[in-house]
Amino acid sequence: MADKNDPKTALRHYLQACRDDLIWKLDGLGERDARLPRTPTGTSLLGIIKHCLNVEAGYFGPTFGREFPTPEELVSLAAQEEDPQADWYAREDETKDGLIDLYRRVGAFADETIAELPLDAPGRVPWWGPDAPDVTLHEIVVRVVYDLARHAGQADILREQHDGAIGWQQGNTSLPRDHDWPAYVAKLTGLADRFR
């Protein structure tokens, strides 16, 4: 059993929790609902997954001189220069199950980087430019957890808007059970309306 006081164990725990929560938000959705843009800027639940897997592959790969075993499955820097949103949507030849599988493999790749390197291992983020400061593995893990947690929050809202599915984690909504949500929303709307 891993030492729960070990900083790497704690960081990997939260990183994995974010991954699991993101993937869980796709449970029960078909291809169309997973891909459907749900914001004015085109954000979709599957797009969030694709973005996050590319973020992890980049930060835990080239930043530390490593390459994902099948880089052709990722969105290249050239593709992103051509289409800055290329990592935010699933192409026609990509599937929900395929991207989830890829994300799990990227997660295993990222975990290998974390396991093999000390937290103070130096790295350089290639897309930050030549004048960017060096980073450490510790900084990158924290940055990626922060990024994934933000996207998990997006996914929470998108999924709730889609079909009312709520929850902070699978099996733990962190919300009161049997709450009268329409009455609660009406109460909050009434409070907000006082400030017209």
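Using a 4.5 Å heavy-atom cutoff, the side chains of D87 and L53 are not in contact. A heavy-atom distance below 4.5 Å is not found between the side chains of I157 and H162. Taking 4.5 Å as the limit, some side-chain heavy atom of L29 sits within range of a side-chain heavy atom of L26. L137 is listed as a side-chain neighbour of F60, based on a closest heavy-atom distance under 4.5 Å. Counting heavy atoms from C-beta on, the side chains of D147 and H151 come closer than 4.5 Å. R19 has its side chain within reach of E56: a pair of non-hydrogen atoms, C-beta onward, lies under 4.5 Å apart. Using a 4.5 Å heavy-atom threshold, the side chains of T113 and I140 count as separate. Contact annotation: the side chain of V144 approaches that of L15 to within less than 4.5 Å [non-hydrogen atoms, C-beta and beyond].
C18 and L148 make their closest contact through CB-CB, 3.7 Å (heavy atoms, listed as atom of the first residue, atom of the second, distance). Of all the heavy atoms in P126 and P62, the pair that sits closest is CG-CB, 3.8 Å. Between A79 and A86 the shortest heavy-atom distance is O-CB, 4.0 Å. When all heavy atoms of A155 and L22 are compared, the pair lying nearest together is CB-CD2, 4.2 Å. G98 approaches T95 most closely through the heavy-atom pair N-OG1, 2.8 Å.
Note on L11: it clusters hydrophobically with F64, by side-chain heavy-atom contacts below 4.5 Å among ILVMFWY residues. Linking Ile, Leu, Val, Met, Phe, Trp and Tyr residues whenever their side-chain heavy atoms come within less than 4.5 Å places L77 and V135 in a single cluster. Criterion: ILVMFWY side-chain heavy atoms under 4.5 Å apart, direct or through other members. Under it, F109 and L102 are part of a common hydrophobic cluster. W24 and V106 are assigned to two separate hydrophobic clusters, defined by single-linkage of ILVMFWY side chains at heavy-atom distances under 4.5 Å. L99 and L36 fall into different hydrophobic clusters, where Ile, Leu, Val, Met, Phe, Trp and Tyr residues are linked whenever their side-chain heavy atoms come under 4.5 Å apart, directly or through other members.
A salt bridge does not link D6 with K8: every distance from a Lys NZ or Arg NE/NH1/NH2 to an Asp or Glu carboxylate oxygen is 4.0 Å or more. Contact check on R143 versus E139 returns no salt bridge, with no Lys/Arg side-chain nitrogen under 4.0 Å from an Asp/Glu carboxylate oxygen. With respect to the salt-bridge test (charged N to carboxylate O, under 4.0 angstrom), the residues R196 and D193 qualify.
Between the side chain of S44 and the main chain of G47, a donor-acceptor pair closer than 3.5 Å is present. A donor-acceptor distance shorter than 3.5 angstrom exists from the side chain of E94 to the backbone of R91, with no hydrogens or angles considered. With K96 contributing its side chain and E31 its backbone, the two residues share no donor-acceptor pair below 3.5 Å. A donor-acceptor pair under 3.5 Å is absent between the side-chain atoms of T43 and the main chain of T39, judged by distance alone. Side-chain atoms of R159 come within 3.5 Å of backbone N or O of D27 as a donor-acceptor pair.
In R124, the CZ atom is crowded: over 12 heavy atoms of neighbouring residues, nucleotides or ligands sit closer than 6.0 Å. Remark: E92 CD is loosely packed, at most 12 non-hydrogen atoms of other residues, nucleotides or ligands lying under 6.0 Å away.
Of the N and O atoms on the side chains of Y59 and N54, not one donor lies less than 3.5 Å from an acceptor on the other residue.
How far CD1 of I23 is from CD1 of I48: 13.0 Å, rounded to the nearest 0.5 Å. The distance from the CG atom of L74 to the CD atom of Q80 is 10.5 Å, given to the nearest 0.5 Å. Atoms CH2 and NZ, from W88 and K50 in turn, are 12.0 Å apart once rounded to the nearest 0.5 Å. Interatomic distance, CZ of R38 versus CD of Q154, reported as 13.5 Å (0.5 Å rounding). Here L46 contributes atom CG and D33 contributes atom CG; the two are 11.5 Å apart, rounded to the nearest 0.5 Å.
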Trace of the side-chain contact (heavy atoms from CB on, under 4.5 Å) decision for K25 with D156: CA-CA 7 Å; K25 290 299 173 178; D156 287 340; 2.7 Å; yes
